[in-house]
Student: 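I am attaching a structure below and will ask some questions about it afterwards.
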There are 2 protein chains.
Amino acid sequence: MKRTKAAQSEATTGRLLAVAREHFTRDGYAAAATERIVAEAGVTRGALYHHFGNKLGLYRGVLEQVHAEVGQRVEAAAMTEQDPWQALQAGCRAFLEVAADADVQRIMLLDAPAVLGWAEWRAMDARHSMRHLQEQLELLAQEGYLHPLDTEALAYMLSGAMNEATLWIATQENPQRALQKAADSLHRLLAGLAV
Amino acid sequence: MKRTKAAQSEATTGRLLAVAREHFTRDGYAAAATERIVAEAGVTRGALYHHFGNKLGLYRGVLEQVHAEVGQRVEAAAMTEQDPWQALQAGCRAFLEVAADADVQRIMLLDAPAVLGWAEWRAMDARHSMRHLQEQLELLAQEGYLHPLDTEALAYMLSGAMNEATLWIATQENPQRALQKAADSLHRLLAGLAV
DNA sequence: TTATTATACATACAGGCTGTATGTATAAAT
DNA sequence: ATTTATACATACAGCCTGTATGTATAATAA
């Protein structure tokens with residue numbers, strides 16, 4: 001069986017990313033051993049270091065996937081609404097639902113800031129989910145719906161509030177109910193921004 | 001020179017905590033080597049494991065200190081105001097200022113959630129800073145100043161917003177100005193909660 | 001006062017994990 | 001057909017944590 005190098009490479013990196021994602025979710029970054037990841041992926045650590053450079057590189061790859069998925073789903077939800085306010089609300093609500101996944105919580109919210117540092121973590125987030133949030137806020141501001149505030153500061157604070165909310169929701173015995181409470185609270189907070 | 005065991009113990013744990021705090025702040029939890037910490041503290045790893053059980057135990061000790069300091073300063077600021085709304089605002093503002101310290105940012109905000117897990121991190125926070133926040137919200141709710149909302153959900157979201165805000169502020173070239181922007185935004189968000 | 005016990009460490013060792021250096025087979029390019 | 005580059009596998013060195021064991025001294029009991 002002959003395979004092209006590109007195909008071989010893609011197959012290996014794909015398996016590594018998939019297995020690593022499970023391990024990073026279940027064990028966390030520190031306790032996830034590269035030896036166990038590569039064994040489950042059917043390769044050796046040589047392959048990992050060839051494709052990703054080091055353990056951190058593999059983590060970046062996984063994190064990029066998670067961020068991209070979250071960003072897509074949030075954007076999709078926001079785009080169903082025409083009214084800017086409704087779009088913002090829909091996007092926020094979608095985030096609260098999407099971020100309920102264990103992968104998102106452990107990898108993207110809990111470990112990533114400590115592993116990559118806040119700046120790199122935020123930079124990656126900015127390329128995906130949070131960019132939409134700030135754009136939406138700026139749109140509202142330009143159309144005069146918003147009190148005169150710094151949209152950047154606002155975006156970070158709202159993002160932080162939602163991140164914390166999803167982690168809180170996940171610990172509640174009735175997550176559905178907790179989600180509603182968080183959404184209500186968020187709704188009220190956003191209401192304070194409107195003129 | 002004869003020393004009592006209790007005094008000896010206190011002196012050693014004190015030095016270990018002080019040195020560890022510096023290392024955890026500068027290097028982060030993962031990269032802080034116990035060997036280097038004990039060397040700088042003038043003891044061996046035997047002492048560390050005797051008093052703190054393991055590296056995580058030492059981290060818990062440091063974190064408890066940081067949390068306690070932050071909690072005290074926030075409470076002190078809040079207590080200067082009589083009006084519940086003013087007290088809440090003052091406490092929030094104080095937190096934004098106190099959490100500008102590198103120790104607080106790296107240890108308490110960035111690493112702790114990943115190292116201890118969200119539940120234990122929040123439990124420790126609840127015993128210090130966040131307890132005041134929720135109490136204040138409940139006070140406001142009971143006196144009818146607040147829209148009917150879940151104060152627990154609200155407390156987590158506001159806490160998350162402020163945590164993120166301080167980390168953002170620290171990256172801005174003009175932190176003083178950024179602090180003001182964040183405080184303004186927070187003020188507006190809180191305004192949405194009032195009836 | 002003396003014998004015993006418990007505390008506060010120091011030292012030595014074992015195991016795990018990351019990163020690097022090196023070797024090899026095969027696809028791609030010349 | 002030969003050279004080169006890619007995609008790995010293997011072996012090794014170094015660091016770091018936790019544990020097991022030894023020891024001196026303060027606290028306690030007899």
Side-chain angles (χ1 to χ4, degrees), chain A residues 1-63 107 111-112 114-117, chain B residues 1-63 107 111-112 114-117:
Chain A
M1 176 192 180
K2 278 203 179 184
R3 302 172 72 180
T4 174
K5 289 272 186 193
Q8 171 88 359
S9 183
E10 194 180 355
T12 302
T13 56
R15 281 209 312 279
L16 277 173
L17 285 171
V19 174
R21 179 164 175 167
E22 290 175 27
H23 284 242
F24 287 143
T25 300
R26 181 167 26 97
D27 306 330
Y29 178 78
T34 56
E35 192 70 62
R36 291 199 300 269
I37 293 174
V38 297
E40 196 175 319
V43 289
T44 66
R45 294 177 61 248
L48 193 165
Y49 280 84
H50 175 69
H51 287 293
F52 296 98
N54 53 21
K55 187 182 176 182
L56 196 60
L58 178 61
Y59 189 75
R60 280 201 185 92
V62 172
L63 183 58
I107 297 178
D111 282 353
V115 173
L116 296 183
Chain B
M1 175 191 182
K2 278 205 180 181
R3 302 172 72 182
T4 175
K5 290 273 187 193
Q8 170 88 0
S9 183
E10 195 180 354
T12 302
T13 56
R15 281 209 310 280
L16 277 172
L17 285 171
V19 174
R21 180 163 172 167
E22 289 175 27
H23 284 241
F24 287 144
T25 299
R26 181 167 27 98
D27 306 330
Y29 179 78
T34 56
E35 192 71 62
R36 291 199 300 268
I37 293 173
V38 296
E40 195 174 321
V43 290
T44 65
R45 296 176 61 246
L48 193 164
Y49 280 84
H50 175 68
H51 288 293
F52 296 98
N54 52 23
K55 187 181 176 182
L56 195 60
L58 178 61
Y59 189 75
R60 281 202 185 91
V62 172
L63 184 58
I107 297 178
D111 282 353
V115 173
L116 295 183

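In what follows, every chain begins at residue 1, and chains take the letters A, B, ... in the order their sequences are listed.
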Student: Take the protein atom OH of B:Y49 and the nucleotide atom C1' of D:dG18, then report the distance between them rounded to whole Å.
Tutor: 5 Å

Student: Encode nucleotides 5-12 of chain D as B, S and - characters from 5' to 3', where the letter depends on protein heavy atoms closer than 4.0 Å: B to the base, S only to sugar-phosphate, - to neither.
Tutor: -BBBBB--

Student: Could you pull out the closest heavy-atom pair between A:R36 and A:A31, with the gap in Å?
Tutor: NH2-O, 3.0 Å

Student: Starting at atom CZ of B:R3, determine the distance to atom C1' of D:dA26, rounded to an integer number of angstrom.
Tutor: 13 Å

Student: Rounded to whole Å, how long is the line connecting atom CG of A:L58 with atom C1' of C:dT18?
Tutor: 13 Å

Student: With distance as the sole test, does A:Y59 use its side chain to make a donor-acceptor pair with the main-chain N or O of A:N54 at under 3.5 Å?
Tutor: no

Student: Do A:Y29 and A:L56 have side-chain heavy atoms sitting under 4.5 Å apart?
Tutor: yes

Student: Quick check: does any side chain N or O of A:D111 sit under 3.5 Å from a backbone N or O of A:G28, one acting as donor and the other as acceptor?
Tutor: no

Student: Would you find a donor on one side and an acceptor on the other, under 3.5 Å apart, between the side chain of A:R21 and the backbone of A:V62?
Tutor: no

Student: On the six-membered ring of A:Y49, is A:K55 placed so that its NZ or CZ lies under 6.0 angstrom from the centre and within 45° of the ring axis?
Tutor: no

Student: Please report the C-alpha distance between B:E40 and B:E22 in whole Å, then the side-chain angles of each, then the deciding distance to 0.1 Å, and finally whether the side-chain contact (heavy atoms from CB on, under 4.5 Å) criterion is met.
Tutor: CA-CA 11 Å; B:E40 195 174 321; B:E22 289 175 27; 3.7 Å; yes

Student: So do A:L48 and A:V43 actually touch side chain to side chain, heavy atoms under 4.5 Å?
Tutor: no

Student: What residues from residues 15-41 of chain A pass a heavy-atom cutoff of under 4.0 Å to DNA chain D?
Tutor: none

